[in-house]
Every structure is written in structure tokens, then in C-alpha cells.
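Working notes, beginning with the structure itself.
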Amino acid sequence: MKSGLWILVVVIVAGIVVGYVLKDRMKPPEPGSEQAALTSIGELADSEAKIDRLQGFIADYPASELKQRAYSMIGKEMLDALKDTTRFVGFARQTIEKEADPESKALMYYRLYNIKIDTRPEEAALIGTELLKVPIDVGWVYNYIGYDLAERDRDLDLAMALCQKSVELSKAREDSAMCVDSRGFVYFKKEMYKEAVADFEKSVELYGEPYEDVLGHLADAYRKVGDSAKAFATYRRILVMGEHEQARAMVDSMMTSERYSPRKREMFEDGLWQERTASAKPAVAFAMPTLEGPTVSFDPASGGIVVLNFMSPT
Amino acid sequence: MNTKYSGKGVQVLVIDVTGRKDATQKVATEMAYKAPVLLDDKEFARKAYSILGTPTTYIVDPSGRMIFKHVGYGPGMEKVLEQEIDLLLARKTT
């Protein structure tokens, strides 16, 4: 694999981790006082006051589902606003020791790992080793660290152990799909391409819906084991979902080496377009309030081209 | 992108899947979004658009189909979306 060929993946994995964390946040806000209390703390301007009140919130609502968000907000305040890494590391260590909630602990390990990998990457493996020893019942944090180490070509044996653990811990189908893909990625980095192919194929099957980055991994692994027909078909599957710089470049170079005539290339494009339109699902109409206030509605029958960008603020 | 394709029947909508107004306002201000930011406070996106991770981007064609889909965001993404819109605009006129 060309280094950096699937560089997007880090961003995506980060996005998925965020998505994971958000799953809890996306539950409808509780009508009770907890949500209101946290919102009012979030509006405070002074960092120290905010941290103080957030710690109070955690003490007041030890069983709250919003506790992880409070921890996350403390982390943001100490690291982003106050830029006091030492203080946060102390806080994270204390939380890991005292807190019983595994998700909150996982958040702390996630932050600690990221701090290490940015400042003293040679020590980042220690966080992973510690996690294996603890262990906590939260798959995503093992997956995140395992994948990130592999992406950086560091400590591949540890990365494998972490990804293996995440596969064991994952319960929901989509979580398994992600963790199996990560394990395949570590195999790939370890140049164990047959094992990588097996994991990527499994991941694609678990996802059900095609997923461009897992397909990219699979196509790369097919090339490594010398199955260029399957590699070509898999890059093409990515293109059915949408344009993709790397998949397009691979398909182009494979067509060139197969000496495709202009006519054959044209047929490829027509077939691709037909499959795109045949597999595209109808969009669903909606109306939602906006930041500015007034409701904006989206109607797929309006006849225009619409870009829908689903995001989350983190 | 909104500016580049204005007048060509291309609309951009940003949907915050968390519906968290405070945090989203901050991001929207920092990024200087030109597109309207919709707040999904009823988990509509997750249910109707099966959003697994964010960001997820769909391009809806004039027939109302989600013709292109991307999960994640990386360097070059804007270029890819522009390519796709150009493809759709070209197909529309032929």
C-alpha cells in the first residue's frame, strides 16, 4: 500500500469514535434537571468555574448518562481552553482510579493516548499495554488505539492485541464490522495479506451497506495477494458509491495496463453510471429548525441538486 | 461551495445530528458556514438516513435519489464533491 493512500481513514475512525460517543448523547435529552444543569454550566465563560461546576455535577449525579459528557467537557476545558496538559493528566489518572463507569474511563484513556502520541509517541504504547491489563468493557477505545498505532507503523504486535480485544468486546454488528476491519488493517501492516483479506471480507459482510474505506482496504489487500480481478471489481464498487481519488487512480492504472481501448473505457463509465443510478436510494424529506431559528425544509422532489452534510460538533 | 454553484440549482444543507445548539453554533461560527445549519433534535438522521459516523455526505440528484455517498472527511473531499456536482450538471444537460 502506498503510504498515505488511505489517509482518510484516521479521520474516519476518529469520526466513528465520535459517533460512538455521540450515540449516548444522541439519546433524547432527559426532561429532568440534569440536562438543564449541564446546559447552564456549558454557558459559563470562566474555565475554572466551569470545571468546578462540572465536577460538582459528576458528584451530584453519579448515575447520570450525561456524566461522560461532563467528563468530556472537563477535558476540553483543561486541554483546549487552559492548555494545561499536566493538570488534565492528573485529573484523568484520578478518574481512572476512582470512577466506576467504564465509558468515562475509556474517554480518559483515549485522551491520555492522544496526548502521549502527540508529545512522546515512544511512550504511547504504555497506555495500550495498560488498557490490556485493566481491562475495561469498552471496545471502541481498544479499536481506536490499535488502529492508530498500526496507521503509524508502531508496535504492531500491541496493535494486534488491542484490535483482537476490541473484536472480542464488540457486541453490536456495526461495532464488530469496524473492529474486524481494524484487525485486518493490522494484519495488512504486518504483511499478513491473506489474513487481512479474510478480515476485510468479513467486515464488508458485517457492515452490510458498502463502506468506501473498508472496500479500499479490501481492494488493496486483493492486490497484495495478486488477485487483480477482485481488486479491480472492489475499486469499482467504491466508485459506484461516489468519486474517490485513490479508487479512480487505481482503476485508471489497471485499465491502462490492461490496454483498454477508448471504447472500452467509455463502456466502463456508462456501466458505472447505470449502476450508480440503479443503486441510489430515494432521499427522505424533512424539516428542521436552524441555528438562526426559522425551520428549513428539504424536499427531494424539488428537482435540484442538494448536498446533505450530516455532521456533529466536536 | 455554495458560492461556486449559486444560480445552478445546487443547494447545500448542513445537518447537526446531535441537535446541540450551543456546541454547533460555536463550530458554525469558527468555520464560517455559509450554508444553513439544521438542528436534528429528534434523531431523524440516524433513523431515516442510517448515519453511522459523522460526517456523512450525500448528494441528492434532481430525481431525488441519493446518488453519491461519502463517510468521513479528508483532504480532497471538497474536490470530489465538486467533481460529482459537475458530473450531475453535465448529465442534466445531455
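Order of the sequence lines fixes the chain letters, A, B, ..., with proteins taken first and strands second; residue numbering starts at 1 for each chain.
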Contacting moiety of A:Ala285, where chain B heavy atoms sit under 4.5 Å: backbone

B:Lys79, part contacting chain A, at a heavy-atom distance under 4.5 Å: side chain

Check: A:Glu212 side chain, B:Val71 main-chain N or O, donor-acceptor pair, under 3.5 Å: yes

Polar side-chain atom of B:Gln83 near backbone of A:Glu243 as donor-acceptor pair, under 3.5 Å: no

Chi angles and distances behind the side chain to side chain contact (heavy atoms under 4.5 Å, CB included) call for B:Val37, A:Thr290: CA-CA 5 Å; B:Val37 180; A:Thr290 54; 6.0 Å; no

Aromatic ring pairing A:Phe310/B:Tyr49, orientation class (parallel under 30°, perpendicular over 60°, tilted between): tilted

Separation between NZ of B:Lys42 and CZ of A:Phe286, rounded to the nearest 0.5 Å: 13.5 Å

Largest heavy-atom contact set with chain B, pairs under 4.5 Å, which of A:Val240, A:Val296, A:Thr277, A:Thr39: A:Thr277

Nearest atoms (heavy-atom pairs only) where B:Met66 meets A:Ala280: O-CB, 3.3 Å

Heavy-atom proximity to chain B below 4.5 Å, by part of A:Ala283: both

Nearest-0.5 Å distance that lies between atom CD1 in A:Ile305 and atom CG in B:Leu88: 4.5 Å

Heavy-atom side-chain proximity of B:Ile85 to A:Val307 below 4.5 angstrom: yes

Exercise: identify the closest heavy-atom pair between B:Ile15 and A:Met288: CG2-SD, 3.9 Å

Pairwise distance CZ(B:Phe68) to CG(A:Leu308) - rounded to 0.5 angstrom: 14.0 Å

Residue pair B:Ala48 / A:Val284: nearest heavy atoms and the distance that separates them: O-CG2, 4.2 Å

Any A:His244 side-chain heavy atom under 4.5 Å of B:His70 side chain: no

Contacting region of A:Glu43 [heavy-atom separation from chain B under 4.5 Å]: neither

Rounded distance [0.5 Å steps], NZ in B:Lys69 versus NZ in A:Lys281: 7.0 Å

Which of B:Leu38, B:Asp61, B:Ile59, B:Val14 touches chain A most, by non-hydrogen pairs under 4.5 Å: B:Leu38

Under 4.5 Å from any heavy atom of chain A - which part of B:Tyr58: both

Separation between CD1 of B:Ile67 and CE of A:Met241, rounded to the nearest 0.5 Å: 12.5 Å

Portion of B:Asp40 that has a non-hydrogen atom of chain A nearer than 4.5 angstrom: both

Non-hydrogen atoms of B:Asp16 and A:Ser312 that approach each other most closely: OD1-CA, 3.9 Å

